Amino acid sequence: MISIILGTRPEIIKMSPVIRECKKRGLDYFILHTGQHYSYEMERVFFEELELPQPKYNLDVGSGTHAEQTGKIMVGVEKILMDEKSDVVLVQGDTNTVLAGALAATKLNIKVGHVEAGLRSYDRRMPEEINRVLSDHISDYLFAPTEKAKQNLLREGIDENKIFVTGNTIVDAVYQNLEIAKRKVNVLRELCLRPKEYFLVTAHRQENVDVKERLKGILKGLELIHEKFSMPVVFPVHPRTQKRMREFGLGLDGVEVINPLGFLEFLQLEANARLVLTDSGGVQEETCILGVPCVTLRDNTERSETLEVGSNILAGTDPSKILESVKVMLNRENSWENPFGDGMARERIVEILEGT
Ligand code: UD1
Ligand code: UDP
């Protein structure tokens with residue numbers, strides 16, 4: 001029995017190929033949704049668009065401080081796993097859901113598989129970095145997306161026999177859904193945009209948007225870009241960022257601020273953007289896969305493969321540095337190779353689990 005634990009937008013998207021694969025092979029599995037994300041556009045929309053089976057459980061933990069959220073998830077997961085007799089628990093990524101799920105499972109002596117293991121920003125101020133490191137060290141199967149991620153794990157003394165380089169399931173998700181998006185949605189027409197003639201933005205990192213000066217810097221940077229290039233700037237705003245913009249009394253001139261989008265719509269917007277600005281992990285990967293230049297609104301990244309192949313550049317949150325970085329990336333050839341695998345990560349992961 002495979003217990004798939006997930007709770008946030010990127011986990012649903014990146015776990016979707018694995019869920020489909022379990023279903024295709026007729027394996028015994030169930031989905032345990034922690035409810036860390038709960039707004040329609042942050043979770044339900046993905047179950048609908050990606051046609052995923054309903055979670056068997058939803059803990060409805062909602063938002064809270066790190067300790068509250070992590071603690072509530074652990075208590076809820078433990079109760080369910082004590083009844084369910086799972087052979088393995090699968091988690092994906094670096095959220096509080098991942099750490100809490102992995103920790104609750106391992107203490108019940110249930111094996112843990114960590115999808116997207118071995119990413120490191122080496123910045124312990126990020127809650128995600130703590131979650132990644134701890135989850136990796138308590139996992140039994142570490143599904144590293146790249147050779148580099150594997151090397152990060154080996155350097156920390158993790159047993160090589162536990163590490164499997166599979167590629168990142170986001171490649172599977174992009175390949176599986178790009179064509180479906182073409183058939184089912186036409187978001188450019190809805191937003192009156194022309195291919196390769198707009199910028200797309202996302203921002204939600206705690207260390208960016210919870211700090212007024214940093215959020216102000218990002219928003220100013222977007223206004224500068226809009227003025228300089230006279231192209232639409234489209235910004236589907238994460239709920240954390242919406243909340244902070246309201247609290248700090250910050251607005252935006254000339255930028256199209258919209259609600260978060262479904263994956264099919266967002267993927268289509270990304271694929272057709274001239275350039276994307278983001279502090280998201282998944283978006284750095286997707287732009288790299290789609291051949292779209294990316295400017296990352298952070299000082300470091302755990303997706304360093306994107307810097308190495310040249311699809312991405314770090315700009316931080318200073319407005320003039322953001323503008324300069326956009327200029328650099330607009331002049332760069334976008335002929336890099338995708339370092340995140342061939343889109344078959346789901347099969348490797350499920351085969352490894354089946355073989356144990
Ligand atoms: C979480 C993850 C982050 C991941 C992101 C994906 C942690 C520590 N953070 O950050 O790694 O990149 O998800 O998007 O696990 N909110 C809503 N509706 C929702 C969810 C959140 O309104 O469905 C608002 C609430 O005001 C909440 C805030 O967003 O307080 C932050 O939510 P939370 O889940 O704590 O963190 P994220 O910023 O979403
Ligand atoms: N995404 C989406 N709609 C949006 C913004 C992002 O579907 O409006 C998708 C995006 O394609 C990617 C994932 O959400 O697959 C990234 O999630 P997020 O940025 O919230 O988290 P992170 O990857 O930083 O953990």
Side-chain angles (χ1 to χ4, degrees), residues 6-17 33-46 48-50 60-70 72-73 91-101 116 119 121 125-132 134-135 168-174 176-178 181 185 187 200-210 234-247 257-271 273 276 278-287 289-290 292 296-298 301-303:
L6 44 74
T8 69
R9 169 166 80 183
E11 293 160 61
I12 302 166
I13 293 169
K14 287 178 165 176
M15 206 59 114
S16 66
H33 191 330
T34 64
Q36 177 171 346
H37 281 176
Y38 46 86
S39 301
Y40 174 81
E41 66 272 18
M42 296 303 287
E43 58 96 24
R44 186 104 308 267
V45 66
F46 303 110
E48 290 174 7
E49 280 193 347
L50 302 174
D60 287 321
V61 296
S63 306
T65 66
H66 284 277
E68 276 167 2
Q69 204 172 47
T70 311
K72 275 190 199 164
I73 298 171
V91 290
Q92 192 289 327
D94 54 20
T95 65
N96 289 344
T97 288
V98 173
L99 174 61
E116 202 179 73
L119 273 60
S121 66
R125 288 169 308 175
M126 293 179 74
E128 291 84 0
E129 183 73 357
I130 317 265
N131 292 341
R132 283 180 204 120
L134 296 178
S135 303
N168 195 313
T169 58
I170 194 62
V171 185
D172 307 36
V174 167
Q176 286 181 342
N177 293 295
L178 207 51
V185 297
V187 68
L200 176 66
V201 184
T202 80
H204 75 283
R205 292 254 89 80
Q206 178 184 301
E207 61 278 14
N208 273 346
V209 305
D210 287 11
V234 185
F235 186 7
V237 188
H238 187 287
R240 177 191 281 274
T241 314
Q242 290 187 9
K243 188 169 84 175
R244 294 301 181 214
M245 284 173 70
R246 273 196 305 273
E247 260 175 39
V257 171
I258 57 176
N259 277 328
L261 296 166
F263 185 56
L264 298 180
E265 290 80 358
F266 190 78
L267 194 57
Q268 195 167 63
L269 268 191
E270 257 182 313
V276 176
T278 192
D279 63 9
S280 157
V283 174
Q284 291 174 65
E285 293 159 353
E286 286 164 356
T287 47
I289 297 161
L290 293 165
V292 175
T296 291
L297 306 165
R298 289 175 48 189
T301 179
E302 57 293 323
R303 272 77 178 181

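Hydrogens, waters and symmetry mates play no part in the numbers below; they use all other heavy atoms, side chains included. One-based numbering along the sequence shown. Indexing begins at 1, ligand by ligand and atom by atom, following the structure's order. The shown structure was predicted, so the numbers you read here are calculated from the model rather than taken from an experiment.
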At what distance is the nearest protein heavy atom to [atom], and which residue and atom is it?
atom	value
atom 1 (C) of ligand 1	Gln36 NE2, 3.7 Å
atom 6 (C) of ligand 1	Pro10 CD, 3.5 Å
atom 26 (O) of ligand 1	Lys243 NZ, 3.2 Å
atom 5 (C) of ligand 1	His204 NE2, 3.6 Å
atom 16 (N) of ligand 1	Tyr38 OH, 3.5 Å
atom 25 (C) of ligand 1	Ser63 OG, 3.4 Å

Below 4.0 angstrom from a heavy atom of [X], which ligand 1 atoms are there? Numbered from 1 as shown, please.
X	answer
His238	14 (O), 37 (P), 38 (O), 39 (O)
Arg205	3 (C), 4 (C), 11 (O), 12 (O)
Ser39	17 (C), 18 (N), 19 (C), 22 (O), 23 (O)
Glu128	3 (C), 9 (N), 11 (O)
Gln69	34 (O), 35 (O)
Met42	23 (O)

Got a second to check how far Asn168's CG is from Arg303's CZ, nearest 0.5 Å?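 These two atoms lie 7.5 Å from each other.
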Between the CD atom in Glu129 and the CG atom in Leu134, the distance rounded to the nearest 0.5 Å is 10.0 Å
Test of understanding: with side-chain hydrogen bond (donor to acceptor under 3.5 Å, both in side chains), list the residues that count as partners of [X], not counting sequence neighbours.
X	result
Glu286	none
Ser280	none
Gln242	Asn259

Shortest non-hydrogen separation from Thr202 to Phe235 and the atoms involved: CA-CE1, 4.0 Å
Closest approach of Leu264 and Glu49, non-hydrogen atoms and distance? N-OE1, 3.0 Å
N/O to N/O below 3.5 Å, does that happen between [X] and ligand 1?
X	answer
Arg9	no
Arg240	yes
His37	yes

Any His66 heavy atom less than 4.0 Å to ligand 1: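 Checking ligand 1 against His66, which is what was asked, there is a heavy-atom contact under 4.0 Å.
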Is there a heavy atom in Gln206 that sits closer than 4.0 Å to ligand 1?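 Judged by the 4.0 Å heavy-atom criterion, Gln206 does not count as contacting ligand 1.
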Measure from atom 2 (C) of ligand 1 to every heavy atom in Thr65, Asp279, Thr95, Val61 and give the option owning the shortest one. Thr95
Among Ala100, Pro239, Gly282, the residue with a heavy atom nearest to atom 24 (C) of ligand 1 is Pro239
Salt-bridged, Glu116 to Lys14, with N to O below 4.0 Å?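 Here Glu116 pairs with Lys14 in a salt bridge, since their nearest N and O are under 4.0 Å apart.
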Going by the angle between their ring planes, with limits at 30° and 60°, are His204 and His238 parallel, tilted or perpendicular?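 Ring orientation of His204 relative to His238: parallel.
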Establish, from distance only, whether the side-chain atoms of Glu270 and Thr287 form a donor-acceptor pair under 3.5 Å. no
Set out, in order, the CA-CA distance, both residues' side-chain angles and the distance that settles salt bridge (Lys or Arg N to Asp or Glu O under 4.0 Å) for Arg205 and Asp210, then state yes or no. CA-CA 8 Å; Arg205 292 254 89 80; Asp210 287 11; over 6 Å; no
What's the verdict on salt bridge (Lys or Arg N to Asp or Glu O under 4.0 Å) for Arg125 and Glu207, showing C-alpha distance, side-chain angles and the deciding distance? CA-CA 8 Å; Arg125 288 169 308 175; Glu207 61 278 14; over 6 Å; no
Considering only heavy atoms, which protein residues lie less than 4.0 Å from any atom of ligand 2? Arg9, Pro10, Ile13, Phe46, His204, Arg205, Pro236, Pro260, Leu261, Gly262, Phe263, Phe266, Glu270, Ser280, Gly281, Gly282, Glu286
